[in-house]
Amino acid sequence: MADHSGWRLGIASAPIHHGEILQGVFPHEGGLTRGLVTLPCTIYKTHAAFMPAPGAELSVSPAWKTKALRAAELTIAAISPDGEHPVGGHLDLSGDVPLCRGFGSSTSDVLATIWAVKDAFVSALAPEDVARLAVQAELASDSLMFEETSVLFAQRDGEVIEDFGYRMPPVRVLGFGSRPQHNGQGVDTLAFPPASYGTEETRSFAELQAMLRDAIQTKDAALLGAVATASTEINQRHLPIPDLDRIRRIVREVGALGVQAAHSGDIAGILFDRDDRDVEARTEHAKDLLHSTGIHEQWIFTTGD
């Protein structure tokens, strides 16, 4: 009879991201690979609970979370010893992550699931293995599984293009819904086609990768803001933010570091130096100016907390 004494209820939570600091195509292994650098965010979370059971049947609640169910199946296969009897179980997901906005709701589901299954079997999985499973489960993923470092991540391959070696410098973010006419309904991020970049844009991405490396390794928040702004401006040709010029003027007026965006969503953020003694006043001024442009859906968080 199989020994199930090591099984337990696996519990895990996963954060979200707030779009990207940088997204494009980058030199990798002799070619060009799509990649991104995620801006981590803690204002929402996904919670997962997985109870293993004998037999091959797996179920999930809510039932429509099929990517998470696939992630559970893949993770069980990855951590089960060869020749082990089939293992199933039930996965329960809960949380408050808005859908179709660019918060990475599906990756948060998948990541919480992988970690909960890992916890249920008291198994170890390296971030690189988690990344591979996440991409297998949902075709494209952000890089939230790398908790201790910032990486340029090939979101469709599950590979690290470059590990920058440190977390990015902490910033305060004034987030907002960048398309007020959508009334917070967002865009269909799953159906959004990958951007096609030109030669000039491709050259710019290599330069921005080098700038971001310097920003992270020297803890230069201003340089981080410059990279995010440049990436947002390139993205204007693919998923434009309405009235970006006005938002850039707000950034300059309040003395912010720059602007970042979800490159396949409808959220964006104005970046501030967390350690600036005037950050509260600058943030409040920016909030008022965004309100004056009709952008009323706003939120604030700080990275690195």
Could you tell me whether the side chain of [Y] reaches within less than 4.5 Å of the side chain of [X], counting heavy atoms only?
| X | Y | result |
| --- | --- | --- |
| Asp276 | Arg172 | no |
| Leu224 | Leu212 | yes |
| Val117 | Phe121 | yes |
| Arg132 | Gln136 | yes |
| Asp273 | Val279 | no |
| Gln298 | His291 | yes |
| Leu125 | Leu133 | yes |
| Thr302 | Val173 | no |

How many angstroms lie between atom [atom1] of [X] and atom [atom2] of [Y], to the nearest 0.5 angstrom?
| X | Y | atom1 | atom2 | value |
| --- | --- | --- | --- | --- |
| Leu111 | Leu144 | CG | CG | 6.5 Å |
| Asp157 | Ser141 | CG | OG | 11.5 Å |
| Trp115 | Asp119 | CH2 | CG | 12.0 Å |
| Phe26 | Gln209 | CZ | CD | 6.0 Å |
| Glu138 | Ser106 | CD | OG | 4.0 Å |
| Glu201 | Ile234 | CD | CD1 | 6.0 Å |

Exercise. State which residues pass ring pair (Phe, Tyr, Trp, His ring centres under 6.0 Å) with His285; sequence neighbours excluded, sorted by chain then number.
Key: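 Scan of His285 (ring pair (Phe, Tyr, Trp, His ring centres under 6.0 Å), adjacent residues dropped) gives none.
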Any residue meeting ring pair (Phe, Tyr, Trp, His ring centres under 6.0 Å) with Tyr197, in chain and number order, not counting sequence neighbours:
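So Tyr197 forms a ring pair (Phe, Tyr, Trp, His ring centres under 6.0 Å) with Phe205, His238.
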Those residues at least two apart in sequence (or on a different chain) that pass salt bridge (Lys or Arg N to Asp or Glu O under 4.0 Å) with Glu57 are none
Is the Trp299 ring parallel, tilted or perpendicular to the Phe103 ring (thresholds 30°, 60°)?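 Judged by the thresholds at 30° and 60°, the geometry between Trp299 and Phe103 is tilted.
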query = Mind checking whether Phe301 and His18 have parallel, tilted or perpendicular rings, split at 30° and 60°?
reply = tilted
Connected to Leu9, directly or through other members, by ILVMFWY side-chain contacts below 4.5 Å are Ile11, Met51
Starting from the C-alpha separation in whole Å, work towards a yes-or-no answer on salt bridge (charged side-chain N to carboxylate O under 4.0 Å, His left out) for Arg282 and Glu253.
CA-CA 9 Å; Arg282 295 184 196 279; Glu253 182 173 340; over 6 Å; no
Evaluate the criterion side-chain contact (heavy atoms from CB on, under 4.5 Å) for residue pair Thr232 and Ile241; output intermediate values, then yes/no. CA-CA 9 Å; Thr232 299; Ile241 295 173; 3.9 Å; yes
Please name the pair of heavy atoms, one in [X] and one in [Y], separated by the smallest distance, quoted to 0.1 Å.
| X | Y | result |
| --- | --- | --- |
| Thr229 | Gly258 | OG1-CA, 3.2 Å |
| Phe153 | Val135 | CZ-CG2, 4.4 Å |
| Gly88 | Phe50 | O-CZ, 3.6 Å |
| Gln23 | Leu36 | OE1-CD2, 3.8 Å |
| Ala230 | Leu208 | CB-CD2, 3.6 Å |
| Ala134 | Ile114 | N-CD1, 3.9 Å |

Check: [Y] main-chain N/O paired with [X] side-chain donor or acceptor under 3.5 Å:
| X | Y | result |
| --- | --- | --- |
| Asp220 | Leu223 | yes |
| Ser150 | Tyr166 | yes |
| Ser108 | Gly104 | no |

Consider only side-chain heavy atoms of I, L, V, M, F, W and Y, link residues closer than 4.5 Å, and tell whether Leu139 and Leu74 are in one cluster.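 Cluster IDs for Leu139 and Leu74 differ.
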Distance only, no hydrogens: is a donor on one side chain within 3.5 Å (strictly under) of an acceptor on the other, for [X] and [Y]?
| X | Y | answer |
| --- | --- | --- |
| Thr149 | Asp163 | yes |
| Gln260 | Glu20 | no |
| His90 | Ser59 | yes |
| Ser231 | His263 | yes |

Sorted by chain and residue number, the side chain to side chain contact (heavy atoms under 4.5 Å, CB included) partners of Leu69 (sequence neighbours excluded) come out as Leu58, Val60
Residue set satisfying side chain to side chain contact (heavy atoms under 4.5 Å, CB included) with Ala48, at least two apart, ordered chain then number -> Leu91, Leu93, Ala112, Ala116
* To do: With side-chain contact (heavy atoms from CB on, under 4.5 Å) as the test, would you mind laying out the steps for Ile16 and Thr46 before giving the verdict?
  => CA-CA 8 Å; Ile16 60 164; Thr46 298; 5.5 Å; no
**Request:** List the steps and the verdict of side-chain contact (heavy atoms from CB on, under 4.5 Å) for Phe176 and Ile267.
**Result:** CA-CA 6 Å; Phe176 56 94; Ile267 59 171; over 6 Å; no
I'd like to know whether NZ of Lys65 has more than 12 heavy-atom contacts from other residues, nucleotides or ligands below 6.0 angstrom. yes
- Message: Check this for me: Arg277, atom CZ, are more than 12 non-hydrogen atoms of other residues, nucleotides or ligands nearer than 6.0 Å?
- Response: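 Open.
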Is there a side-chain contact (heavy atoms from CB on, under 4.5 Å) between Arg246 and Leu289 once you walk through the steps?
CA-CA 10 Å; Arg246 169 61 176 157; Leu289 292 173; 4.1 Å; yes
Practice item. State plainly whether the residues Asp96 and Lys45 are in salt-bridge range, i.e. N to O under 4.0 Å. Key: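 A salt bridge is absent here (no side-chain N lies under 4.0 Å from a carboxylate O).
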| task | Go through Arg167 and Glu147 one step at a time and tell me if the salt bridge (charged side-chain N to carboxylate O under 4.0 Å, His left out) criterion holds. | result | CA-CA 8 Å; Arg167 294 179 179 179; Glu147 299 179 280; over 6 Å; no
